[in-house]
Asks: 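Okay, here's the structure, questions in a sec.
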Amino acid sequence: MESLDEIFERYLSRSRIFKNREKLLPDYVPRELPHRDEQIIKLAKILAPALAGSRPSNVFIYGLTGTGKTAVTKYVLRRLSEKGQDKVLFAYVNCRQNNTSYRVMAELARSLGARVPFTGLATSEVFKRFVRALEKRGRIMVAVLDEIDHLVKRSGDDVLYFLTRINEQLSRSRLSLIGITNDLKFTEFLDARVKSSLGEEELVFPPYTARELEDILRQRAEEAFHEGVLAPEVIPTCAAIAAKQNGDCRLALDLLLKAADIAEREGASRVEAEHVRQAQREIEKNVTVDVIRSMPLHVKLVLVAIYLLEREGAKNLTTGLIYNKYLEITRMLGMDPVTQRRVSDIINELDMAGIVNARVVSLGRYGRTKIIKISASLKSIEEGLQEDLFMLGVTELVTR
DNA sequence: AATCCACAGGAAGTGCTGGGCG
DNA sequence: CGCCCAGCACTTCCTGTGGATT
C-alpha cells in the first residue's frame with residue numbers, strides 16, 4: 001500500500017507521462033482535424049454567407065458516434081466567429097441532455113441572454129422570449145442542435161417546426177439551423193416540411209478507418225504526452241478496438257486516456273498495450289454500472305428479476321416470466337408492484353441502455369412476447385445494483 | 001383457413017415535484 | 001395566495017398481431 005504522501009507527490013512532481021492531459025478529453029477541439037477536410041470545407045462554404053449578412057442554408061449532418069460531427073461543427077463555427085467578430089451569433093445545444101422542447105428552447109433563449117427559469121413557464125412563453133431576444137439583437141444566428149434525434153424521439157418535431165419557420169416572425173434577424181444526428185433513419189419521423197427545410201444541405205460523416213484513427217491519435221498523443229512514453233503497440237491497439245466499434249474516435253481517445261491514467265496510477269513509466277486492454281474493460285464496466293445506478297427503483301427491481309432468472313438457468317426469458325419474478329420480489333420486500341404494462345416499457349428501457357437484449361417474437365399458439373437476454377456482464381450488473389439492495393437489506397440476492 | 005395465445009405497444013390520464021406568474 | 005406550467009413515473013384501457021395449432 002502506498003502512502004498518501006506518495007500519491008500526492010506524484011501529482012506535485014508533475015506527471016511523467018502526461019504533458020497535457022486535457023488534450024485527450026472529449027470536449028477538446030484540436031487545431032487540426034485530420035481526414036475531415038472535405039466536411040470542413042463543405043460546412044464552411046455553407047455557413048460563409050453569414051459573414052455577408054445573409055442567412056446560411058440549414059444543414060443536416062449525419063454520421064455515427066465519434067465520427068467527428070460535433071468537432072467539425074464546433075471547429076468551423078469557431079473559425080467563423082473569429083473572422084466575423086460579433087456579426088454572427090452561435091448557440092450549441094445538446095439534445096440528449098436537453099431532450100424536451102422546453103429545455104432546448106430555454107437553452108437557445110439563454111444563449112441570447114434571456115432569463116429563462118428551468119421550469120415553470122409555458123413552452124410557448126419561452127418561444128416568445130427567444131424570438132424577442134433574437135429580434136432585438138438584429139443578427140444572424142446559427143443554432144446547432146446536436147443529437148437531434150433524441151429530441152424528436154421524445155418530444156416530436158414541434159420545436160423543429162417552429163424553429164424552421166421562425167424567420168417569418170423576424171425582420172431584423174435570421175436563424176439557421178444545424179441538426180446533427182447519428183441515427184441515419186431518423187428523418188422518417190419528421191414532418192415533411194421540417195424535413196425539407198432542415199435538409200437544405202446535407203453532410204455525411206463516414207466512420208474513421210483504423211488507419212485514420214491512428215493518425216488522429218498520433219497527433220493528439222504528441223500534444224498530450226511526453227516523448228517516448230507510449231509503447232509502439234499502444235496507438236494501433238486503441239485504433240483497432242475503436243475501428244471495430246464503427247470507427248468511433250471518441251472511444252479511441254478515451255481508451256488512450258484511460259490507458260495512460262492506469263499506467264500513471266501504477267507508477268509505470270510507459271503506457272503498454274496491456275494498459276489499453278485494462279482500459280477497455282474498465283470503460284465497458286463503468287458505462288453499465290453508472291447507467292444502472294442512476295435508474296429508478298422499479299427498473300432496478302426488474303433487472304434483479306431478470307438477473308435471478310438468468311442465474312437460475314432459465315432459458316428464453318419472456319415478459320410474463322420476468323413479471324412474475326418481479327412480483328415475487330416486490331412481495332418479499334413488501335412493496336407495491338408496478339403494472340405489467342410498465343414492466344414492458346422498463347424492459348425496453350433496459351434494452352435501449354444496452355443492459356439486456358430484447359426482441360419481439362411470435363411463438364404461434366403460445367402468444368407473442370419478448371425474449372430477453374442479459375447483454376452486459378453479470379459483474380457490472382451486480383455492482384450497479386449493490387447499493388440499492390444493500391439499502392433494502394437484501395444484498396444476498398445478488399451476492400452468493 | 002380459422003383460431004387464439006400472450007403479450008406489444010398506443011393514447012390518455014393521474015399524482016406528484018418543483019417551479020413559475022400576477 | 002391561487003392558479004398555471006413541465007416532467008416524470010406510472011396506471012387504465014385499449015386495439016393489434018405472428019404464426020403454431022386446431
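Just so it is clear: chains get the letters A, B, ... in the order the sequence lines come, proteins before strands, and each one is counted from 1. Keep in mind that this is a model prediction, so the values were computed, not measured.
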Asks: Below 3.5 Å, does any donor atom in the side chain of Thr119(A) face an acceptor in the base of dG18(B), or the other way round?
Replies: yes
Asks: Could you tell me the separation between the CZ atom of Arg341(A) and the P atom of dC7(B), rounded to a whole number of Å?
Replies: 14 Å
Asks: Starting at CG of Asp345(A) and ending at P of dA8(B), how long is that distance when rounded to a whole Å?
Replies: 9 Å
Asks: Would you say Thr319(A) places a side-chain N or O within less than 4.0 Å of OP1 or OP2 belonging to dC7(B)?
Replies: no
Asks: Answer yes when Arg55(A) and Glu200(A) have at least one side-chain N-carboxylate O distance shorter than 4.0 Å, and no when they do not.
Replies: yes
Asks: Heavy atoms from C-beta onward define the side chain here; which of dC21(B), dA8(B), dG20(B) lies closest to that of Lys370(A)?
Replies: dA8(B)
Asks: Using 4.0 Å as the upper bound for N to carboxylate O, is an ion pair formed by Arg250(A) and Asp254(A)?
Replies: no
Asks: Is the Phe225(A)-Phe18(A) ring centre distance short of 6.0 angstrom?
Replies: yes
Asks: Quick one: do Glu264(A) and Arg21(A) make a salt bridge, cutoff under 4.0 Å?
Replies: no
Asks: With a 4.0 Å cut-off on heavy atoms, is Asn348(A) in touch with a base, just the backbone sugar-phosphate, or nothing at all?
Replies: sugar-phosphate
Asks: Does the pair Lys285(A)/Glu383(A) count as a salt bridge with the N-to-O cut at 4.0 Å?
Replies: yes
Asks: What is the distance, rounded to the nearest whole Å, between atom CZ of Arg129(A) and atom P of dC21(B)?
Replies: 5 Å
Asks: Using a 4.0 Å heavy-atom cut-off, does Glu125(A) contact any base of the nucleic acid, only the sugar-phosphate backbone, or nothing at all?
Replies: nothing
Asks: I need the CD1-C1' distance between Ile371(A) and dG18(C), as an integer number of Å.
Replies: 14 Å
Asks: For DNA chain C, what residues of residues 350-364 of chain A have any heavy atom nearer than 4.0 Å?
Replies: Ser362(A), Gly364(A)
Asks: More 5' along DNA chain B: Tyr366(A) or Arg115(A), using each one's nearest nucleotide?
Replies: Tyr366(A)
Asks: Find the distance Gln340(A):CD to dT12(C):P and express it as a whole number of Å.
Replies: 13 Å
Asks: Decide whether Glu147(A) and Asn94(A) meet the rule of one side-chain donor and one side-chain acceptor closer than 3.5 Å.
Replies: yes
Asks: I want to verify a distance call: between dA9(C), dT11(C), dA8(B), whose nearest atom is closest to the Val338(A) side chain?
Replies: dT11(C)
Asks: Within the pair Ser344(A) and dA8(B), is there a side-chain N or O less than 4.0 Å away from OP1 or OP2?
Replies: yes
Asks: Arg103(A) near the nucleic acid: base, sugar-phosphate alone, or nothing, with a heavy-atom cut-off under 4.0 Å?
Replies: sugar-phosphate
Asks: For the pair made of CG in Asn99(A) and P in dG7(C), what is the distance, rounded to whole Å?
Replies: 9 Å
Asks: Arg368(A) has a side chain; which of dG16(C), dG19(B), dC21(B) sits nearest to it?
Replies: dG16(C)
Asks: Could you tell me how far apart Leu317(A) (CG) and dA6(B) (P) are, to the nearest whole angstrom?
Replies: 17 Å
Asks: Output the rounded distance in Å from CG (Asp336(A)) to P (dC10(C)).
Replies: 11 Å
Asks: Given dA6(C), dC10(C), dG20(B), identify the nucleotide with an atom nearest to the side chain of Arg342(A).
Replies: dC10(C)
Asks: Look at Asp183(A) together with Lys153(A) and state whether they make a salt bridge at an N to O cut-off of under 4.0 Å.
Replies: yes
Asks: Can you identify which nucleotide, out of dC21(B), dG7(C), dA6(B), has its nearest atom closest to the Thr369(A) side chain?
Replies: dA6(B)
Asks: I'd like to know if Arg365(A) reaches the base of dG18(C) with its side chain, counting only an N/O donor and acceptor under 3.5 Å.
Replies: no
Asks: Any Lys/Arg nitrogen of Asp345(A) or Arg341(A) sitting under 4.0 Å from an Asp/Glu carboxylate oxygen of the other?
Replies: yes
Asks: Does a side-chain N or O of Thr318(A) approach OP1 or OP2 of dC7(B) to a distance below 4.0 Å, or not?
Replies: yes
